[in-house]
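Data block below; observations after.
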Amino acid sequence: MKELVEVIARALVDHPDQVVVTESEDDRAIRLVLSVDPSDMGKVIGKQGRIAKAIRTVVKSAATDTDKKVFVDIEDKD
């Protein structure tokens, strides 16, 4: 899952070297935290959150083989 979010985010931003995805997992859920350069936040979120919603949808559909819920959070580096 982590690699999928990294590939998608790096394709969207102007500073792909600043993309960092951290993954934490427990017995019921996987949480992915995406961190990008502050100038790229708008590109990752999109108008009215459409890009962020699309990223979450792709990741959730990729995780259908696991019995865990997947959460994708977008965090500002500031």
Side-chain angles (χ1 to χ4, degrees):
M1 299 300 145
K2 178 179 176 180
E3 294 82 16
L4 177 61
V5 174
E6 283 179 353
V7 168
I8 293 170
R10 287 176 195 234
L12 293 171
V13 299
D14 290 333
H15 303 92
D17 54 321
Q18 298 286 325
V19 173
V20 178
V21 179
T22 56
E23 182 176 17
S24 61
E25 187 173 344
D26 62 21
D27 56 338
R28 293 179 290 173
I30 300 170
R31 181 168 304 278
L32 301 166
V33 179
L34 171 62
S35 180
V36 297
D37 189 83
S39 64
D40 290 327
M41 284 299 282
K43 292 180 176 121
V44 174
I45 295 172
K47 288 186 179 179
Q48 297 178 353
R50 289 183 181 151
I51 303 295
K53 185 176 178 182
I55 292 171
R56 291 180 178 116
T57 301
V58 169
V59 172
K60 284 181 183 181
S61 64
T64 56
D65 60 339
T66 65
D67 292 333
K68 298 181 180 186
K69 289 188 175 189
V70 178
F71 300 98
V72 179
D73 296 328
I74 300 171
E75 165 179 285
D76 194 2
K77 282 189 176 179
D78 288 345

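Values reported hereafter were calculated over all heavy atoms of this structure, with side chains retained and with hydrogens, waters and symmetry mates removed.
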Residue pair Gln18 / Asp40, side-chain heavy-atom distance below 4.5 Å
no
Taking C-beta and beyond as the side chain, do Leu4 and Leu32 meet within less than 4.5 Å on heavy atoms?
no
Identify the heavy atoms of Arg56 and Asp73 that sit nearest to each other, and give their distance.
NH2-CA, 4.3 Å
State, to 0.1 Å, how close Val44 and Ile51 come at their nearest heavy-atom pair, and which atoms those are.
O-CG2, 3.2 Å
Can you give the donor-acceptor pairs under 3.5 Å from side chains of residues 19-27 to other protein atoms, not counting sequence neighbours?
from: Glu25; atom 1: OE2; to: Lys68; atom 2: NZ; distance (Å): 2.4
from: Asp26; atom 1: OD1; to: Arg28; atom 2: N; distance (Å): 3.0
from: Asp26; atom 1: OD1; to: Ala29; atom 2: N; distance (Å): 2.7

Under 3.5 Å: donor-acceptor pair, side chain of Arg31, backbone of Phe71
no
Give the cluster check for Val13 versus Val72: same hydrophobic cluster or not, with ILVMFWY residues linked at side-chain heavy-atom distances below 4.5 Å.
yes
Please report the closest heavy-atom contact between Met1 and Ala62, naming both atoms and the distance.
CE-O, 3.5 Å
To the nearest 0.5 Å, what is the distance between CD1 on Ile30 and NZ on Lys60?
12.0 Å
Taking side-chain contact (heavy atoms from CB on, under 4.5 Å) as the criterion, tell me which of Asp37, Val36, Asp14 meets it with Lys43.
Asp14
Using the rule that two of Ile, Leu, Val, Met, Phe, Trp, Tyr join whenever any of their side-chain heavy atoms come within less than 4.5 Å, decide whether Val58 and Val5 are in one cluster.
yes
Ile8-Met41 co-clustered via ILVMFWY side chain contacts under 4.5 Å:
yes
Separation between CD1 (Ile45) and CD1 (Ile74), nearest 0.5 Å, reads 5.5 Å
